[in-house]
Each structure stands twice: as structure tokens, then as C-alpha cells.
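Notes follow once the structure below has been shown.
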Amino acid sequence: MTIGRMENVEVFITEGKGRGLKATKEFWAADIIFAERAYSAVVFDSLVNFVCHTCFKRQEKLHRCGQCKFAHYCDRTCQKDAWLNHKNECSAIKRYGKVPNENIRLAARIMWRVEREGTGLTEGCLVSVDDLQNHVEHFGEEEQKDLRVDVDTFLQYWPPQSQQFSMQYISHIFGVINCNGFTLSDQRGLQAVGVGIFPNLGLVNHDCWPNCTVIFNNGKIELRALGKISEGEELTVSYIDFLNVSEERKRQLKKQYYFDCTCEHCQKKLKDDLFLGVKDNPKPSQEVVKEMIQFSKDTLEKIDKARSEGLYHEVVKLCRECLEKQEPVFADTNIYMLRMLSIVSEVLSYLQAFEEASFYARRMVDGYMKLYHPNNAQLGMAVMRAGLTNWHAGNIEVGHGMICKAYAILLVTHGPSHPITKDLEAMRVQTEMELRMFRQNEFMYYKMREAALNNQPMQVMAEPSNEPSPALFHKKQ
């Protein structure tokens with residue numbers, strides 16, 4: 001796949017949405033429409049010592065830049081590759097005496113690149129950084145205040161010998177980062193580790209039920225087709241998770257990206273009835289439903305607090321109590337019930353209470369399957385985790401089925417070369433072999449499994465975090 005070859009797409013003016021990208025040929029599920037390297041990118045402040053500043057891979061041991069003592073790299077190759085982008089940053093950090101936050105570091109990297117190459121179109125870019133939207137005029141009071149602080153800090157950090165930019169231009173760059181910053185994930189796609197600007201990707205408009213997905217793989221983003229796309233059709237991605245009622249999604253998009261969503265799912269409120277689904281027989285009263293929604297929201301707040309304090313047994317207790325109360329009221333696709341199922345299955349897996357976790361994980365997946373696009377990346381990851389949980393619980397048939405399902409989704413959303421897809425392929429092969437053994441001799445299978453688990457578990461779940469799974473676009477909190 002050639003980076004920056006953009007003949008598969010063309011820029012056009014959409015009705016009511018400004019610029020957009022459309023396909024110049026037909027695509028099918030899993031096709032890569034284009035790949036793009038970041039114009040500029042930085043590692044998050046909290047992970048600067050744990051993630052390579054060039055390739056964004058998490059590593060146990062990283063080499064530190066001997067000059068500024070700030071930048072970290074996998075090896076000499078990554079350090080050498082970084083020098084063009086790090087050279088100015090290195091001397092600026094030494095002069096400033098400390099490291100500014102990720103927003104300021106990213107703005108400075110963008111402007112050093114503009115200083116080097118000019119403001120015109122760079123090779124393979126359909127749009128220049130100057131022409132990306134900044135939405136500064138839509139900023140609220142709080143955002144304006146944050147912008148002024150960032151600009152002030154930037155001016156202290158920016159070296160006097162570098163090209164001097166106007167206040168308006170500096171504000172434009174911060175605005176671009178605010179509404180076009182794309183989240184970079186680690187090599188397995190499980191943790192958000194940084195933020196970057198990808199000008200071509202910035203032209204792709206939002207749809208709550210999109211025809212494309214974006215994945216960060218091996219130092220570049222890939223725009224991948226989720227199904228058949230006709231020549232001339234607009235290419236869309238979803239900026240937010242679909243799992244919410246249309247009003248809430250519209251509110252989130254307006255607040256974070258300053259536009260009113262007019263996609264079909266929002267206009268027709270598609271699936272809202274499922275998101276707020278209640279039991280049919282007997283049907284609860286509106287009053288009971290209202291009370292249960294409020295109780296669920298209050299419980300989620302208590303759960304957040306307990307999670308942030310690491311009180312995982314308390315989290316499980318709160319989830320169990322809430323699910324018991326939700327049971328006679330909510331249907332299995334209700335978002336408040338699904339949030340509880342997601343949290344409790346993840347936390348129980350971490351506590352290695354796999355049997356109970358697997359029961360909740362199966363219910364969660366059943367609900368998700370009725371709501372998400374069949375090739376949704378978040379659905380694929382959720383089904384993968386549920387499959388692993390069921391495997392750990394000894395439910396080999398269910399576990400294998402889920403791992404196969406997740407593998408089929410990730411082949412489309414992530415592609416066969418992505419590390420998480422490769423991991424999943426290895427799990428699929430292993431569980432298939434185990435399933436054959438299980439069907440031949442159940443007793444022997446459990447004996448061998450016990451021995452193998454004592455020796456080496458397949459994978460222990462990561463500690464649950466309060467962070468949601470990496471969102472597509474990075475918003476400054």
C-alpha cells in the first residue's frame with residue numbers, strides 16, 4: 001500500500017457539510033481506500049516515558065535522548081528517524097527548562113514543519129494545514145480561556161530564532177488540533193497513546209452509521225471500507241461511539257465538533273427504541289422506567305468513583321445490585337443495562353472470576369449484535385474480549401465461536417497485518433484445536449487444560465481503567 005497515493009478519492013463540496021471526500025472507484029469490505037502518515041504527532045504527557053516518540057509502540061525499555069532527556073525511542077533507528085522532527089523540539093525544551101503539554105508540543109511540531117516546508121500542499125496531501133477547519137469562532141468562554149493560556153505558554157516555549165507566526169495563525173493551529181486531532185493507539189490498538197494531525201483524514205465527514213473505519217497501524221492511519229462503496233459515494237467515518245440515543249450523539253457532536261448531525265440514523269432516530277428498550281410482558285410504566293434510568297445514572301457515578309479508587313469488589317457489588325433492579329424493567333438492548341454488563345464482565349475478568357464474567361459477557365455481546373454495524377471495530381474488540389473470557393471460564397464452544405466472529409470483523413476493520421488480528425488468528429487456531437480435543441474426550445480435555453493453565457495462561461486481562469476505549473478523534477479534556 002503506497003502512502004499518500006490519493007487517486008482513490010476526490011474532494012467535493014457536500015450539501016450543508018462543507019468539503020468531503022468521495023470514492024473515485026468501487027470498494028468492497030476490508031479494502032484500504034488510502035493510508036496516510038501523520039503531518040505531525042506527539043505522545044500523550046502521561047506516557048512520554050513508556051511509548052516510542054517515533055513509532056508510538058509501547059516498549060519495556062526505551063532509549064532516552066541524551067540532549068533533552070525527554071524524548072524516548074525503541075532504538076537508534078527510531079531515534080535517527082525522529083531527528084528531523086525532534087531537532088527543534090530538543091533545543092526548545094533545553095532553552096525553556098521544562099516540557100510543555102502535548103497540545104503545545106504538537107502545535108510547535110506543526111509550525112516547525114511549516115517553517116521547513118512552507119504553508120502549501122505537501123506531497124500526497126489534498127489539503128494544507130492552513131486550510132483545515134479550526135472552529136475558533138465557535139469556542140465557548142471556557143475554550144477561549146484555555147486557548148489564551150495555550151497561546152501564552154506557546155509563545156514562551158517558541159524559540160526567538162525560529163520563524164515568528166502571528167497570534168491569529170497560532171490560534172488557528174490550536175483550533176485545528178482541537179477539532180482534527182486524531183487519537184493514536186499502541187501497536188495492539190488497545191490503548192490511546194498520542195495525538196496526530198492527518199490532513200487528508202480531516203476531510204472525511206462524520207456519519208453515525210459510516211461506510212468506512214480508520215485504524216492506526218504501524219505508524220500510519222488506514223481508511224478501510226466496511227462494505228460495498230459505489231463510485232461517487234461520499235466516504236464517512238464515525239467520530240464517536242454509536243452506542244447512544246440520537247439526541248445524545250447529536251449533543252456530543254455539537255459540543256465537540258461544532259456541527260448538527262443530519263445523518264439518517266439521527267434524523268429518523270433509528271435504533272433509539274432499542275437503546276431505550278423496556279420489557280414487553282409486563283410492560284413497565286413510564287414512571288418506573290424514568291426512575292430506573294435515574295438509578296442507573298446514579299450507580300454509574302458511584303462505579304466511576306469506586307473504579308478510580310481501585311475498589312473493584314465494590315464495583316462488582318454495585319453492578320450486580322443495579323442489574324438485579326434493571327432486569328424486570330429493561331430489555332437486553334437497553335444502553336443502561338449494556339453499560340453495566342460491559343463494566344461488570346471486564347472487572348470480573350480482571351479479578352479472574354471468569355465463570356460469572358462469561359455469563360455477563362455473553363449477554364453484553366447479544367445486545368451489541370442487535371445494535372452495532374456488523375463490521376464495527378468496537379463490536380469486534382468487545383466480542384474478542386468476551387470470547388477470551390469464555391475461554392478462560394472453560395466454555396470452549398462459546399469462546400471459540402466468539403473468537404471466530406471477532407476475527408471475521410477485525411479482518412475488515414483492522415486487516416490481516418494488524419498485531420491484534422494476528423493475535424486473534426493465533427487464538428482462533430488454538431481454540432479450534434482445543435474444541436476438537438474437547439469433542440473427542442471431554443475428561444481428557446479438562447485435565448490437559450488444567451495442566452496447561454497452571455503452566456501458562458493464555459492471557460490475563462489488563463487492569464480495568466476508567467478510560468473508554470480509544471476514541472477516533474482526540475479531544476482536549
Side-chain angles (χ1 to χ4, degrees), residues 140 206-210 238-308 314-348 356-357 359-374 376 378-379 382-383 386 466 468-469 471:
H206 164 86
D207 193 296
C208 291
W209 198 261
S238 182
Y239 294 177
I240 56 172
D241 184 15
F242 176 64
L243 225 62
N244 229 324
V245 288
S246 54
E247 279 311 308
E248 184 51 37
R249 289 199 309 271
K250 284 174 82 161
R251 191 195 62 76
Q252 206 180 332
L253 289 161
K254 182 76 173 171
K255 183 172 178 267
Q256 295 188 351
Y257 304 102
Y258 315 102
F259 69 86
D260 296 301
C261 187
T262 55
C263 79
E264 189 187 15
H265 274 68
C266 282
Q267 284 190 320
K268 295 182 179 173
K269 298 183 184 299
L270 300 178
K271 303 208 179 219
D272 278 10
D273 55 336
L274 292 174
F275 286 136
L276 296 175
V278 293
K279 284 278 197 293
D280 256 345
N281 200 4
K283 203 177 173 81
S285 70
Q286 278 185 304
E287 196 49 46
V288 166
V289 172
K290 212 170 138 187
E291 279 174 17
M292 188 46 64
I293 288 174
Q294 194 50 55
F295 177 75
S296 302
K297 285 179 176 175
D298 294 344
T299 305
L300 282 165
E301 276 185 27
K302 289 178 191 169
I303 285 169
D304 279 350
K305 189 174 182 297
R307 280 176 93 160
S308 65
E314 178 63 19
V315 171
V316 171
K317 186 168 157 282
L318 286 163
C319 288
R320 281 189 195 129
E321 285 168 4
C322 192
L323 283 162
E324 203 177 309
K325 284 197 164 76
Q326 288 176 342
E327 198 61 50
V329 182
F330 290 158
D332 62 352
T333 56
N334 188 289
I335 46 173
Y336 294 103
M337 186 176 256
L338 288 171
R339 279 173 198 156
M340 288 298 156
L341 291 169
S342 170
I343 294 165
V344 75
S345 59
E346 185 195 357
V347 173
L348 283 166
E356 191 183 354
F359 164 70
Y360 292 126
R362 284 201 297 276
R363 287 178 59 192
M364 175 190 77
V365 165
D366 287 347
Y368 281 0
M369 294 288 228
K370 294 170 188 167
L371 297 169
Y372 274 120
H373 184 290
N376 180 289
Q378 276 156 308
L379 172 66
V383 176
N466 254 357
S469 58

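Computed over heavy atoms, backbone and side chain alike; hydrogens, waters and symmetry mates excluded.
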State plainly whether the residues K302 and E321 are in salt-bridge range, i.e. N to O under 4.0 Å.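 Salt bridge: no.
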
Between [atom1] on residue [X] and [atom2] on residue [Y], distance to nearest 0.5 Å:
{"X": "K317", "Y": "C319", "atom1": "NZ", "atom2": "SG", "value": "11.5 Å"}
{"X": "M369", "Y": "N376", "atom1": "CE", "atom2": "CG", "value": "11.5 Å"}
{"X": "L243", "Y": "L338", "atom1": "CG", "atom2": "CG", "value": "6.0 Å"}

If the test is side-chain hydrogen bond (donor to acceptor under 3.5 Å, both in side chains), which one of E291, Q326, K325 qualifies with S296?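 Going through E291, Q326, K325 one by one, the side-chain hydrogen bond (donor to acceptor under 3.5 Å, both in side chains) with S296 is satisfied by Q326 alone.
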
Go through it in stages, so that I can follow the logic: the residues are W209 and L270, the test is side-chain contact (heavy atoms from CB on, under 4.5 Å), and I'd like the CA-CA distance, side-chain angles, deciding distance and then a yes or no. CA-CA 10 Å; W209 198 261; L270 300 178; over 6 Å; no

Is the shortest heavy-atom distance from the side chain of D241 to the side chain of Y372 under 4.5 Å?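 Yes. Closest side-chain heavy atoms under 4.5 Å.
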
Before giving the answer on side-chain contact (heavy atoms from CB on, under 4.5 Å), spell out for M292 and V278 the whole-Å C-alpha distance, their side-chain angles and the decisive distance to 0.1 Å. CA-CA 11 Å; M292 188 46 64; V278 293; over 6 Å; no

Where [X] and [Y] come nearest, the two heavy atoms and their spacing:
{"X": "K370", "Y": "L274", "result": "O-CD1, 3.9 Å"}
{"X": "T333", "Y": "G367", "result": "CG2-O, 4.2 Å"}
{"X": "C266", "Y": "S246", "result": "CA-CB, 3.9 Å"}
{"X": "R363", "Y": "E327", "result": "NH2-OE1, 3.0 Å"}
{"X": "V288", "Y": "P284", "result": "CG1-CB, 4.1 Å"}
{"X": "N244", "Y": "F275", "result": "O-CE1, 3.1 Å"}

From K254, R251, K255, residue fulfilling salt bridge (Lys or Arg N to Asp or Glu O under 4.0 Å) relative to D260: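 That would be K254.
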
Between Y239 and F259, how do the two ring planes meet: parallel, tilted or perpendicular, split at 30° and 60°?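 Perpendicular.
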
For F242 together with Y368, are the ring centres under 6.0 Å from each other?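 Here the rings of F242 and Y368 have centres that are no less than 6.0 Å from each other.
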
Would you verify whether the NZ or CZ of R339 falls within 45 degrees of the ring axis of Y336 while also being under 6.0 Å from that six-membered ring's centre?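 Pair R339/Y336 counts as cation-pi.
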
